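What follows is a set of notes on a single structure, which appears directly below.
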Amino acid sequence: MTRTRETAPLPDRDDTGRDDESDSPISAEQSHLDVIYARLDRMRRSTSTRLQTALRESGGTPQARSERESYERMYHDDLTKYDAAEHNLYFGRLDLSDGETRTIGRIGILDDDENDSTLLLDWRAPLSRPFYLATPAAPDSVAVRRHIRTRNRRVTAVNDERLDAGDIDAVSRGDVVNEAALIGALNAARTGEMVDIVETIQREQDLIIRSTHRGVTVVQGGPGTGKTAVALHRAAYLLYTHRDTLSRSGVLIIGPNDDFLRYIGQVLPSLGETGVLLSTVGALYPGVVATRVDDRTGAAVKGDLRMIQVLKNAVRETQSLPSETVTVRFDGYPLEIDRDLVRRARGRARSSRRAHNQARPLFLRAALDELAQQHARRIGSSTIDGSQLLSAGDVADIRDEMESDAEILTALARFWPQLTPDRLLHDFLSDTGRIRAVTRGWTATDREALHRGAGSRGGVTESDVPLLDELAEIIGYDTADDERSEQARWRKQLADAQDALDILTGSAPQDLEDELDPEILMAYDLIDAEQLAARQTQRHSQTTAERAHGDRTWAFGHVIVDEAQEISAMGWRMIMRRIPNRWMTIIGDTAQTGDPAGTTSWGSVLEPYVARRWQQHDLTVNYRTPAEIMSVAADVLAQIDPDRSAPTSIRHSEVPPRAVRVSGDGLADAAVSAATGDGQEAVDDGVTAIIAPDADVAAITARATETGGAAAGVRVLTVTQCKGLEFDRTVVVEPASIVEQSPRGLNDLYVALTRATQRLTVVHSADLPNALAALG
């Protein structure tokens, strides 16, 4: 944690704004920046040396090895943090009215002098907060707020805001602070990766980032309001504030798709945090990767809570009764497995209320008990006086023998099989007869939406993954099954280690082995197979995020869900199992819900799990979308929800959106032309995307590839694929088709129109929807 009891001295502030090389604000800040980086380099070298020392050490007690492993992980994390914070390390300075100076950056850095003073305050430290909250109306003892822009360890610009001078214009801007730095960041060209907003966090965002609420925090905001940035900075803040707890339990961030996760992937490392697990819903179940996509009807049906009972029915259906008596032989005698025997054994197992796989031993034991009694009656019923020849102990011995009889166990397993979620789900969804049997009361359309079809073997959709998770709960998978898998992995690792030692010993010169010189150390003298296997496990020790990713039952300390309005009801059940303490941050905008299985009400999603233990924050300022584009999108929002207000755009692009009408067969050419510059506008640095109806994406992608040049760098996406992303320029193709392809088509159009930070072009052949009349 950053210490702040003493601040390292800075060169005096130059209030005159002179540009003399020796006295200018840039020169003064450069001097301090040099000191900061020199200290960072020393920290990096020292940590690297300690890491190398720890890696070279070996042996010792199990406790010593465990401690060494912890140090290795800590040193590695520190080096990663130092490297990630290299860019724009120092970005802010506060000069307080009492003469105190605070310097603010990505991480906290202490000086290495004997006073251990603070060279740089971490942006998350309480003393840094006025940098984000102070305004001329409420300066919080701040006289001057300074913004420092750097590049490659050089100060490139310095901007001072005087908060004690009664700036009436600044007061009128309300909660927008650091405006010059903010506008500069917003106008910068995109690179395809999200950047942090640590320099430009606004008041309404800071209040959410540092919220102390320990329930569910919902961040509702329209397009471009910085919801995702707030979520990521909240993750960094919570890890800083609750390091001891969250470093052990981990933080999970769920996004809508892999493109989105790649887009945000560098934000947390740049803030000094690397131990966070990023995942989609489709990747939350260990060992499964969703490679297929359901149509909208199928996704809606699979996301419905009706699936809970359907899956329970599918499991119970495997607990079957024999259609005719099955005869097996034991010790030369026939035994009969009939419906009554199986029914009684099944009833005993079901009455235990255990999950299917955990109840299976009870079913087998009950069935074997009856078979043992049946066998005892058969071989012990011929006594002269009618008494039983076999004692209870003898019957127990018979049952014990039956427990290892493969024929009997195979026969019984047909009526209560060991199940796995993936096999059961595949078999169920591929069989129309089984679907009909467990979906009584459903429509034919809904049943057809469930049917996977014979040609889809092995494919899993994102909508299937919550069903796999639900089945794992119903079946009781991941308990003894995981233990057996872990034991098998250890046995293999132990065997590999033994093979390695045998090879090392066998490769020694034969005369040494013959002489048996006690002074010659062999591999067996230094380490045995178990120690070698354990050593390999330690060297490949996993981070918290890596361990959590492979454990379906892992309980995270905090979970953040972005684009949360798209999560189905079954998806929420899966997520809630990962966060028993229900400490969550949920990010979304119900006006942008495009998935038919998604939500339009946070209360309906959350109250079944947390009752009233949730609070909502609304973001109202649009930092991404220029006012010219937002005015067009606002007309669409008015048709989605007349009572919803569009967020207020903070800036103008001076380039109004335009519509280009073409013939139907020229749609792809026109879209690519508009994306690459068709003579009407210049295409400068930044990222361009074409957002098209699902059916048109392939043709437009092919045309962009054929065109080459600038078109090769243009991304062609569906609305679903562009969720959560932003681009400098967007071309939205055929809005009427976007609206028509989904029951929530207007929501999809609203999303598509609000991805641009600079320019928007609409290309169409059909008439524009009424909501876009302003473009006509």
Side-chain angles (χ1 to χ4, degrees), residues 220-225 227 296 563 565-566 588-596 598-601 618-620 622 624-649 652-653 655-664 667 670-671 674-675 689-697 700 717-727 729-776:
Q220 163 80 33
T225 52
K227 302 183 296 296
R296 287 178 169 82
E563 298 294 338
Q565 74 276 356
E566 305 297 334
D589 177 15
T590 51
Q592 297 185 62
T593 305
D595 194 321
T599 185
T600 57
S601 167
D618 294 310
L619 294 174
T620 59
N622 190 329
R624 174 206 302 148
T625 316
E628 293 85 353
I629 297 176
M630 200 62 216
S631 66
V632 174
D635 292 339
V636 179
L637 178 62
Q639 290 202 8
I640 296 171
D641 184 352
D643 297 326
R644 183 76 62 86
S645 297
T648 302
S649 294
H652 295 261
S653 70
V655 180
R658 65 190 184 100
V660 178
R661 185 159 193 167
V662 298
S663 63
L667 204 60
I690 298 173
I691 303 172
D694 297 356
D696 294 328
V697 165
I700 297 174
L717 305 169
T718 66
V719 176
T720 300
Q721 291 169 334
C722 77
K723 288 274 185 178
L725 306 180
E726 64 181 15
F727 312 94
R729 296 163 301 279
T730 59
V731 177
V732 176
V733 178
E734 205 65 282
S737 295
I738 290 176
V739 172
E740 291 168 2
Q741 72 182 8
S742 167
R744 290 177 172 166
L746 280 173
N747 302 60
D748 284 345
L749 181 58
Y750 183 55
V751 171
L753 293 171
T754 53
R755 298 304 97 193
T757 66
Q758 301 295 339
R759 298 182 180 186
L760 168 66
T761 302
V762 175
V763 175
H764 64 106
S765 60
D767 291 340
L768 292 173
N770 292 335
L772 296 183
L775 285 177

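Predicted model, so just to flag it, every value in this text is computed and none were measured. Note that these values count all heavy atoms, side chains included, but never hydrogens, waters or copies made by symmetry.
- For R296 against S742, the heavy-atom pair with the smallest separation is NE-CB, 3.3 Å.
- The nearest pair of heavy atoms linking F727 to C722 is CE1-CB, 4.4 Å.
- The existence of a salt bridge linking D618 and K227 is excluded, since no basic side-chain nitrogen approaches an acidic carboxylate oxygen closer than 4.0 Å.
- Remark: T625 pairs with N622 by the side-chain hydrogen bond (donor to acceptor under 3.5 Å, both in side chains) rule, at least two apart or across chains.
- Between the CD1 atom of I700 and the CG atom of L667 there is a distance of 6.0 Å, given to the nearest 0.5 Å.
- In this structure, CD on E563 lies 6.0 Å from CD on Q592, to the nearest 0.5 angstrom.
- The shortest distance between side-chain heavy atoms of L775 and P657 falls below 4.5 Å.
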Would you tabulate the side-chain donor-acceptor contacts of residues 631-639 under 3.5 Å, counting partners in other chains and residues two or more places apart, or write 'none'?
{"residue": "S631", "atom": "OG", "partner": "E628", "partner atom": "O", "Å": "2.8"}

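- For the side-chain contact (heavy atoms from CB on, under 4.5 Å) test with V732, the passing option among V751, T761, V763, I738 is I738; the others fail.
- With values rounded to the nearest 0.5 angstrom, Q758 atom CD is found 8.5 Å from R729 atom CZ.
- No hydrogens or angles considered: nothing links the side chains of T754 and R624 as a donor-acceptor pair under 3.5 Å.
- A donor-acceptor distance shorter than 3.5 angstrom exists from the side chain of T593 to the backbone of T599, with no hydrogens or angles considered.
- In this structure, D595 does not pair ionically with K723, as no charged nitrogen and carboxylate oxygen lie closer than 4.0 Å.
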Let's go through T590 and R644 carefully: what are the C-alpha distance in whole Å and the side-chain angles of both, what is the deciding distance for side chain to side chain contact (heavy atoms under 4.5 Å, CB included) to 0.1 Å, and is it a yes or a no? CA-CA 10 Å; T590 51; R644 183 76 62 86; 2.9 Å; yes
Report the C-alpha separation of E726 and R755 in whole Å, then their side-chain angles, then the decisive distance to 0.1 Å, and conclude whether the side chain to side chain contact (heavy atoms under 4.5 Å, CB included) test is met. CA-CA 5 Å; E726 64 181 15; R755 298 304 97 193; 5.6 Å; no
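- Expressed to the nearest 0.5 Å, how far OG1 of T730 lies from CG of L760 amounts to 4.5 Å.
- Contact between M630 and A646 at its shortest, heavy atoms only, is CE-CB, 3.8 Å.
- For R661 (side chain) and S765 (main-chain N/O), a donor-acceptor pair under 3.5 Å exists by modelled atom type.
- Distance check: L753 CG to I629 CD1 gives 9.0 Å after rounding to the nearest 0.5 Å.
- When all heavy atoms are compared, the tightest approach of P223 to D589 is CD-OD2, 3.8 Å.
- Heavy atoms only, all atoms of each residue included: P647 and G222 are closest at CG-CA, 4.0 Å.
- To the nearest 0.5 Å, the span separating CD on Q741 from CG on D748 amounts to 6.5 Å.
- Counting heavy atoms of neighbouring residues, nucleotides and ligands inside a 6.0 Å radius, atom CG of N770 does not exceed 12 of them.
- Listed here is the closest heavy atom pair of I640 and A591: CD1-O, 3.8 Å.
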